[in-house]
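Whatever order the structure lists ligands and atoms in, that order sets their numbers, starting from 1.
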Amino acid sequence: VRKALAATGSGPGRTADDVPVALLANIATVEDARRAGALDCEGVGLFRTEGLYLGRQSAPSLEEQEASYREVLGYFTGRKVVVRTLDAGADKPLAFVDHGDEENPALGLRGLRVSWKNPGLLQTQLEALGRAAAAVDTEVWVMAPMVATPSEATGFVEAARAAGLSVAGAMIEVPAAALRASRVLATVDFVSIGTNDLAQYTFAADRMQGELAGLLDPWQPALLDLIAAVGEAGSSRAVPVGVCGEAAGDPLLACVLVGLGVRSLSMAPGLVATVRLVLAAHSLAECRAMAEAARDADDATSARAAVRALVKESV
Ligand code: PEP
Ligand code: MG
């Protein structure tokens with residue numbers, strides 16, 4: 001067993017029975033990209049592009065954006081980078097984006113919705129990214145945050161393709177999109193589940209409010225049910241499903257997610273090695289059993305305990 005673990009201490013992620021599960025890094029800045037690029041990971045599963053805009057009083061020009069994207073993508077030659085378009089608003093306000101006066105910013109004009117009032121912002125970002133992607137040897141996937149309906153997903157995919165970006169998808173972080181996953185998946189090339197916001201909106205619990213942490217626990221069985229619905233839609237439509245919220249970096253929960261049909265996990269770069277090891281010790285059937293045990297629980301604590309009881313002793 002020790003030998004097997006040593007053999008899986010590096011390289012692409014996979015289960016004990018060799019089902020590939022991409023292990024990717026979450027990044028937000030050019031500096032993050034430089035550091036993550038040097039690590040043993042399969043690329044980036046979430047580039048939070050608002051990191052490039054924070055602290056700025058005006059939007060960067062097309063050329064400036066293109067240069068930043070080229071630099072970030074350059075650290076991942078031969079690998080994949082999933083770029084999320086601007087997710088401004090709520091917990092990520094930007095000085096140059098007018099969100100208006102909002103009583104509930106988390107429920108307001110944030111994420112993709114910013115483009116309703118400022119279509120130019122998204123347009124320029126997609127164009128800059130399209131130009132950068134054409135100039136490098138990095139596989140570029142682009143996705144929109146806060147997609148709620150299939151038609152929003154379609155509109156985004158069309159805009160991305162018009163900018164020369166051939167792989168376009170949506171984040172699933174609004175319960176409506178998870179509930180109608182099959183229809184959203186019919187219009188995109190891939191989806192990535194944002195468990196942080198999906199938990200916030202499923203439990204009506206502000207992610208900025210510490211006292212609500214228990215409701216926001218990614219082991220909550222209701223959250224797992226929604227992820228399962230997306231995983232099932234992904235399998236039946238052959239559309240790749242990933243997770244890029246904090247849940248992906250919890251090694252046991254990572255196994256559960258794989259059991260629910262997730263095939264790529266994006267996390268804080270420092271967590272990749274542990275997730276790789278734990279995943280490599282469990283087969284897909286074992287991950288499925290873990291997922292079933294977790295969903296069979298009534299709360300996050302018992303879900304976690306039920307899965308712990310199924311973990312291989314070697315881990
Ligand atoms: C999420 O909501 O889970 C997510 C990955 O995006 P962010 O945390 O940037 O909102
Ligand atoms: Mg989010």
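Applying the under-4.5 Å side-chain rule to Ile, Leu, Val, Met, Phe, Trp and Tyr, the cluster around M208 consists of that residue alone. Hydrophobic cluster membership of L46, counting Ile, Leu, Val, Met, Phe, Trp and Tyr whose side-chain heavy atoms lie under 4.5 Å apart directly or via other members: V82, W141, M143, V167, M171, F190.
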Ligand 1 N/O to protein N/O, distances under 3.5 Å:
residue, atom, partner, partner atom, Å
ligand 1, 2 (O), E173, OE1, 3.0
ligand 1, 2 (O), D197, N, 3.0
ligand 1, 2 (O), D197, OD2, 3.0
ligand 1, 3 (O), G194, O, 3.4
ligand 1, 3 (O), T195, N, 3.1
ligand 1, 3 (O), N196, N, 2.7
ligand 1, 3 (O), N196, ND2, 3.2
ligand 1, 6 (O), R84, NH1, 2.9
ligand 1, 8 (O), R48, NH2, 2.9
ligand 1, 8 (O), N196, ND2, 2.9
ligand 1, 8 (O), R207, NH2, 2.8
ligand 1, 9 (O), R48, NE, 2.7
ligand 1, 9 (O), R48, NH2, 3.4
ligand 1, 9 (O), R84, NH1, 3.1
ligand 1, 9 (O), R84, NH2, 2.9
ligand 1, 9 (O), K92, NZ, 3.4
ligand 1, 10 (O), K92, NZ, 2.8
ligand 1, 10 (O), D197, OD2, 2.9
ligand 1, 10 (O), R207, NH1, 2.8

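S266 approaches A248 most closely through the heavy-atom pair O-CB, 3.4 Å.
Inspection of the Q200 and D197 side chains reveals an N or O donor paired with an N or O acceptor under 3.5 Å. For W219 and D299, the side-chain atoms include no donor-acceptor pair closer than 3.5 Å. A side-chain N or O of Q125 and one of Y69 form a donor-acceptor pair less than 3.5 Å apart. Using a 3.5 Å distance cut-off with no hydrogens or angles, the side chains of S182 and R237 do pair a donor with an acceptor.
Here R110 does not pair with E102 in a salt bridge; the nearest charged N to carboxylate O distance is not below 4.0 Å. Ionic pairing of E158 and R161 is not present here: no N-O contact between side-chain nitrogen and carboxylate oxygen is shorter than 4.0 angstrom.
Sorted by chain and number, the protein atoms of type N, O or S within less than 2.8 Å of the Mg ion (ligand 2) are E173 OE1, D197 OD2.
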